[in-house]
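We count ligands from 1, going down the list as the structure has it; atoms in each ligand are counted the same way. Quantities reported herein were computed from a predicted structural model and do not represent experimental measurements.
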Amino acid sequence: MTARIRQFLRKRAEDGPCLVVDLDVVRENYLAFAKALPDTKVFYAVKANPAPEVLALLAALGSSFDAASVTEIEMALAAGATADRISFGNTIKKERDVARAYALGVRLYAVDCIAEVEKIARAAPGARVFCRILSDCVGAEWPLSRKCGCEPAMAPDVLEHAHRLGLTACGVSFHVGSQQRNPQAWDRALASVAAVFRECGERGINLVMVNLGGGFPTRYLKNVPTVKTYGSAIFRALRRHFGNRIPETIIEPGRGMIGNAGVIEAEVVLVSKKNENDDVRWVYLDIGKFGGLAETMDESIRYPIRTPRDGDDLAPCVIAGPTCDSADVMYEREPYALPISLEIGDKLLIEGTGAYTATYASVAFNGFPPLKTYHI
Ligand SMILES: *Cc1c(COP(=O)(O)O)cnc(C)c1O
């Protein structure tokens, strides 16, 4: 929560939940990444928060962009990025979209299998490709599945195929899992990357780039290590696995770039019990899983919640959204402690919500509009 956001919310007249993002915090985060990893290029993961104000700020600061679709590529271009600063990082792309990206000037693509390599070779001849490998995601609060990436042992075949088809097989990428709280997680992944580099070298393919992915955490209820700590751990891991021949590196922070820059203001719609004798109350807000808080799925991300009654005695609450969908319950397995004095109409502040919120909001489920956003 920053003074600028507090002041903005004091003056806001409209009804309904909203996300307010302080762009000064995004700027500080970008500079912290640039300082912690001085030899690494930053490719902001656009999906975390694609607001034009955010993209324009980062483009002006010199950031590059990791885009997952043609629309995200167009948004980055509209914000002032040039095509040579954009990576098409999704491993699942229609060949038509690869052709559109190529026409827009994009020359860097992610692949994780032979079929995807063949699409790129046809639709983006001569482009640079990197192969994404799977990571175990141990230590991540929002672990990624096996959906993107191949087993490291398969990567040399994928890259060799790219090389044979006239593409530039440039490197390897991985993602250690989002909200990765362990800075050592990159070490394990880099051991696998180095093995892919060696195997490709033996096949006469000279890889030059490691895409270190995202995973940098934002602070929710628990403290997280600083970006500087991550930078040092990653640098040590690069030294350990590559010695004096450290390759070019890029990072793709999403959550770590913008999570802590945003606050959602929400309102308590109802406080009730299911039985007079229950200890746990149900607190229904005007925002839930369908309004932008999708990352509460499986109670994975626990956001800090501030109330106007902080300091009063606490009692456990189930926290749910306003829709009639029974899945729209955010914290139940592990109830959330909120002040006993909490009342209908109270405004709550849900912190750390700058990433993966606004674009997750449904269009009009139950008639609720998408989350309003302000980037100030
Ligand atoms: C989502 C994503 C990121 C960003 O991840 P964070 O954990 O938010 O930093 C980076 N790279 C790729 C390929 C992604 O899909």
Please confirm whether the backbone N or O of Tyr102 pairs with a side-chain atom of Arg107, one donor and one acceptor, at under 3.5 Å?
yes
For Asp15, I'd like to know if atom CG has over 12 heavy atoms of other residues, nucleotides or ligands within 6.0 Å.
no
Going from CG on Asn29 to CG on Leu23, what distance comes out if it is rounded to the nearest 0.5 angstrom?
11.0 Å
For ligand 1, list every N/O pair with the protein closer than 3.5 Å, one pair per line with the distance.
residue	atom	partner	partner atom	Å
ligand 1	5 (O)	His175	NE2	2.8
ligand 1	7 (O)	His175	NE2	3.4
ligand 1	7 (O)	Ser178	OG	2.5
ligand 1	7 (O)	Gly215	N	3.0
ligand 1	8 (O)	Arg255	N	2.8
ligand 1	8 (O)	Tyr356	OH	2.6
ligand 1	9 (O)	Gly215	N	3.0
ligand 1	9 (O)	Gly254	N	2.9
ligand 1	11 (N)	Asp66	OD2	3.4
ligand 1	11 (N)	Glu252	OE1	2.6
ligand 1	15 (O)	Lys47	NZ	2.8

For Phe197 and Phe242, what are the C-alpha separation, side-chain angles and deciding distance, and is it a side chain to side chain contact (heavy atoms under 4.5 Å, CB included)?
CA-CA 9 Å; Phe197 267 59; Phe242 291 92; 3.7 Å; yes
Checking side chain to side chain contact (heavy atoms under 4.5 Å, CB included) for the pair Phe174/Ser192: CA distance, chi angles, key distance, verdict?
CA-CA 10 Å; Phe174 59 86; Ser192 304; over 6 Å; no
Okay, side chain of Thr357, backbone of Thr353: is any donor-acceptor separation there less than 3.5 Å?
yes
